[in-house]
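What you see below is based on every heavy atom in this structure, not just the backbone, and it leaves out hydrogens, waters and symmetry mates. The shown structure was predicted, so the numbers you read here are calculated from the model rather than taken from an experiment.
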Amino acid sequence: MISLAQENRNQQGLGGDDHSFRVCVAPMMDWTDRHCRYFHRLISPHARLYTEMVTSAALVRGKQLRLLEHSQQEHPVALQLGGSDPAELAEAARHGAAAGYDEINLNVGCPSDRVQSGKFGACLMREPALVGDCVKAMRDAVDIPVTVKCRIGVDDQDEYADLQHFTETMIAAGVEILVVHARKAWLQGLSPKENREIPPLDYERVYRLKREFPQLVIVINGGITTAEQVQAHLGQVDGVMLGRAAYHDPYVLARVEAALYGQPLPDRDDILRHMRPYIEAELARGTALKHITRHLLGLYQGEPGARGFRRLLSEQAHLPDAGWELLERAMLPKRAVAA
């Protein structure tokens, strides 16, 4: 099964070893599952994709290796791990490398209560030495890159010097790529959703980090929604990570491809039709259509008929006999409106 993105990659001489960090799609809990990543790869040949966060305990103690499932079309794709036990993270990283992932990323940025109670995520920014131990253990365990995704600060630990010290500790542990969400996290008083919106963005702090640590590959994340913004950030740092914008309006990835790599803007209907072999194969193995179509709802964002497309899929994809013909029907009203 050859995807639209793979066709594009073949035309450009790009293979599965393209490990650029210029454009990334953020790890997002409950969103960036394997179906979502396959869809995003169709739109973006160059983007580096990330899994939802998987806890090291789930892989090592829970032996839930099914969480590592992904398709070959997703590469380059990174496994994001959550945890704070160096030995456990090292074993989880070995599982990830054996499963074929191109990178292991440690979550030091998620502010949710569930994550804090497990002593991982953003609360670990208060313990850089422990994070360094975790990174070193993972680096000793695998040959693929081990990276860290962090915030610019946490709670009252909000001085540039704190981020500077954290970064120096990561470099000492062997980190070469750092993904920085340009907001601090409030671990008490704000929900995860509020932590994505209320703490102010401070892009300049991330730019300064790149200037002071030029040897690091710095990827900036947070509040980035357009191809123009991506281009502007790339004048200051090495890479840009898109989050919710890439999920709710996935066609933004096509605009980024056009702006950075000269890719022609694909027709949205063509993107959807290239999903057909994947969808039919998944249906044949027992996957319910709704688990795939929930990631497609934003494809026609801002286009005539987008609301009808979303409504039909939302109302009928859960039906037991729902199949590819539902997506064909969902496209028809859109085409009629456009005509």
(message) Would R208 and Y160 count as a cation-pi pair here, with the cationic atom under 6.0 angstrom from the ring centre and within 45° of the axis?
(response) yes
Minimum side-chain heavy-atom gap [X]-[Y] below 4.5 Å:
X: V54; Y: L79; result: yes
X: Y207; Y: H233; result: yes
X: M125; Y: R151; result: yes
X: Q236; Y: V206; result: no
X: F39; Y: I292; result: no
X: V240; Y: R22; result: no
X: F213; Y: E168; result: yes
X: I279; Y: L283; result: yes

(request) Give the C-alpha distance, both sets of side-chain angles, the deciding distance and a yes or no for side chain to side chain donor-acceptor pair (under 3.5 Å) between Q80 and N105. (result) CA-CA 4 Å; Q80 187 183 68; N105 178 263; 2.9 Å; yes
(message) Please confirm whether the ring centroid of W31 lies under 6.0 Å from the ring centroid of H40.
(response) no
(message) Is the distance from the ring center of H46 to that of Y261 below 6.0 Å?
(response) yes
What side-chain donor-acceptor pairs closer than 3.5 Å can you find for residues 169-183, not counting sequence neighbours?
from, atom 1, to, atom 2, distance (Å)
T169, OG1, H165, O, 2.8
R183, NE, R196, O, 3.0
R183, NH1, E197, O, 3.4
R183, NH1, P199, O, 2.9
R183, NH2, R196, O, 2.9

Side chains of residues 215-225: which donor-acceptor partners sit under 3.5 Å, not counting sequence neighbours?
from, atom 1, to, atom 2, distance (Å)
N221, OD1, K149, NZ, 3.0
N221, ND2, M241, O, 3.1
T225, OG1, Q229, OE1, 3.3

Which heavy atom of [X] sits nearest a heavy atom of [Y], and at what distance?
X: A254; Y: I43; result: N-CG2, 3.5 Å
X: N107; Y: C110; result: OD1-N, 2.9 Å
X: E88; Y: V60; result: O-CG2, 3.5 Å
X: C134; Y: L106; result: CB-CD2, 4.2 Å
X: T32; Y: T51; result: OG1-C, 3.7 Å
X: L253; Y: S44; result: CB-CB, 4.0 Å

(message) Within this structure, what is the CG-CD1 distance for the pair D202 and I152, rounded to the nearest 0.5 Å?
(response) 4.5 Å
(request) Supply the atom-to-atom distance D30 CG to Y247 OH, rounded to the nearest 0.5 angstrom. (result) 9.0 Å
(request) May I have the step-by-step check of side-chain contact (heavy atoms from CB on, under 4.5 Å) for K184 and V154, ending in yes or no? (result) CA-CA 5 Å; K184 76 171 184 179; V154 57; 5.9 Å; no
(message) Do E103 and Y50 pair up side chain to side chain, a donor and an acceptor below 3.5 Å, judged on atom types alone?
(response) yes
Please determine whether the number of non-hydrogen atoms from other residues, nucleotides or ligands lying under 6.0 Å from atom [atom1] of [X] exceeds 12.
X: K210; atom1: NZ; value: yes
X: Q64; atom1: CD; value: yes
X: D321; atom1: CG; value: yes

Short side-chain to backbone donor-acceptor contact, [X] and [Y], under 3.5 Å:
X: D270; Y: D267; answer: no
X: T55; Y: A58; answer: yes
X: R41; Y: A47; answer: yes
X: Y101; Y: L68; answer: yes

(message) side-chain contact (heavy atoms from CB on, under 4.5 Å) for Y38 and M275? Distances and angles first, verdict last.
(response) CA-CA 9 Å; Y38 187 95; M275 280 293 292; 3.7 Å; yes
(request) Take Y251 and Q301, measure what side-chain contact (heavy atoms from CB on, under 4.5 Å) needs, and give me the verdict at the end. (result) CA-CA 8 Å; Y251 199 74; Q301 180 75 21; over 6 Å; no
(message) Show, in sequence, the C-alpha distance, side-chain angles and deciding distance for K290 and E315, and conclude whether the salt bridge (charged side-chain N to carboxylate O under 4.0 Å, His left out) test is met.
(response) CA-CA 10 Å; K290 65 181 180 180; E315 292 176 352; over 6 Å; no
(message) Does the plane of the ring in H295 sit parallel, tilted or perpendicular to the ring in H35? Use 30° and 60° as the thresholds.
(response) tilted
(request) Go through the steps to decide whether R329 and E325 satisfy the test salt bridge (charged side-chain N to carboxylate O under 4.0 Å, His left out), and finish with yes or no. (result) CA-CA 6 Å; R329 284 197 288 124; E325 68 283 351; over 6 Å; no
(message) Using salt bridge (charged side-chain N to carboxylate O under 4.0 Å, His left out), reason through R126 and D155 one step at a time and then give a plain yes or no.
(response) CA-CA 10 Å; R126 295 198 191 106; D155 292 339; 2.4 Å; yes
(request) Please identify each residue that fulfils salt bridge (Lys or Arg N to Asp or Glu O under 4.0 Å) with D133, with sequence neighbours left out. (result) none
(request) Could you list the residues that satisfy salt bridge (Lys or Arg N to Asp or Glu O under 4.0 Å) with R37, not counting sequence neighbours? (result) E74
(message) Among R244, R268, R255, exactly one meets salt bridge (charged side-chain N to carboxylate O under 4.0 Å, His left out) together with D249. Which residue is that?
(response) R255
(message) Run the salt bridge (charged side-chain N to carboxylate O under 4.0 Å, His left out) test on E282 and R34 for me, step by step, so that the C-alpha distance in whole Å, both residues' side-chain angles and the decisive distance to 0.1 Å come before the verdict.
(response) CA-CA 11 Å; E282 284 296 318; R34 61 189 179 89; 3.0 Å; yes
(message) Check this for me, if you would: do R205 and E159 make a salt bridge, where the nitrogen-to-carboxylate-oxygen distance has to be below 4.0 angstrom?
(response) no
(message) For H95, give me all partners under ring pair (Phe, Tyr, Trp, His ring centres under 6.0 Å), at least two apart in sequence or on another chain.
(response) none
(message) Hydrophobic clustering (ILVMFWY, side-chain heavy atoms < 4.5 Å, transitive) - are L297 and L319 grouped together?
(response) no
(message) Could you work out, with side-chain hydrogen bond (donor to acceptor under 3.5 Å, both in side chains) as the rule, every residue matching R294, not counting sequence neighbours?
(response) D33
(request) Please lay out, stage by stage, how L130 and S84 fare under the test side-chain contact (heavy atoms from CB on, under 4.5 Å). (result) CA-CA 7 Å; L130 174 58; S84 58; 4.2 Å; yes
(request) Begin with the C-alpha distance, continue with both residues' side-chain angles, and end with the deciding distance and a verdict on side chain to side chain donor-acceptor pair (under 3.5 Å) for D269 and Y300. (result) CA-CA 9 Å; D269 287 358; Y300 296 96; 2.5 Å; yes
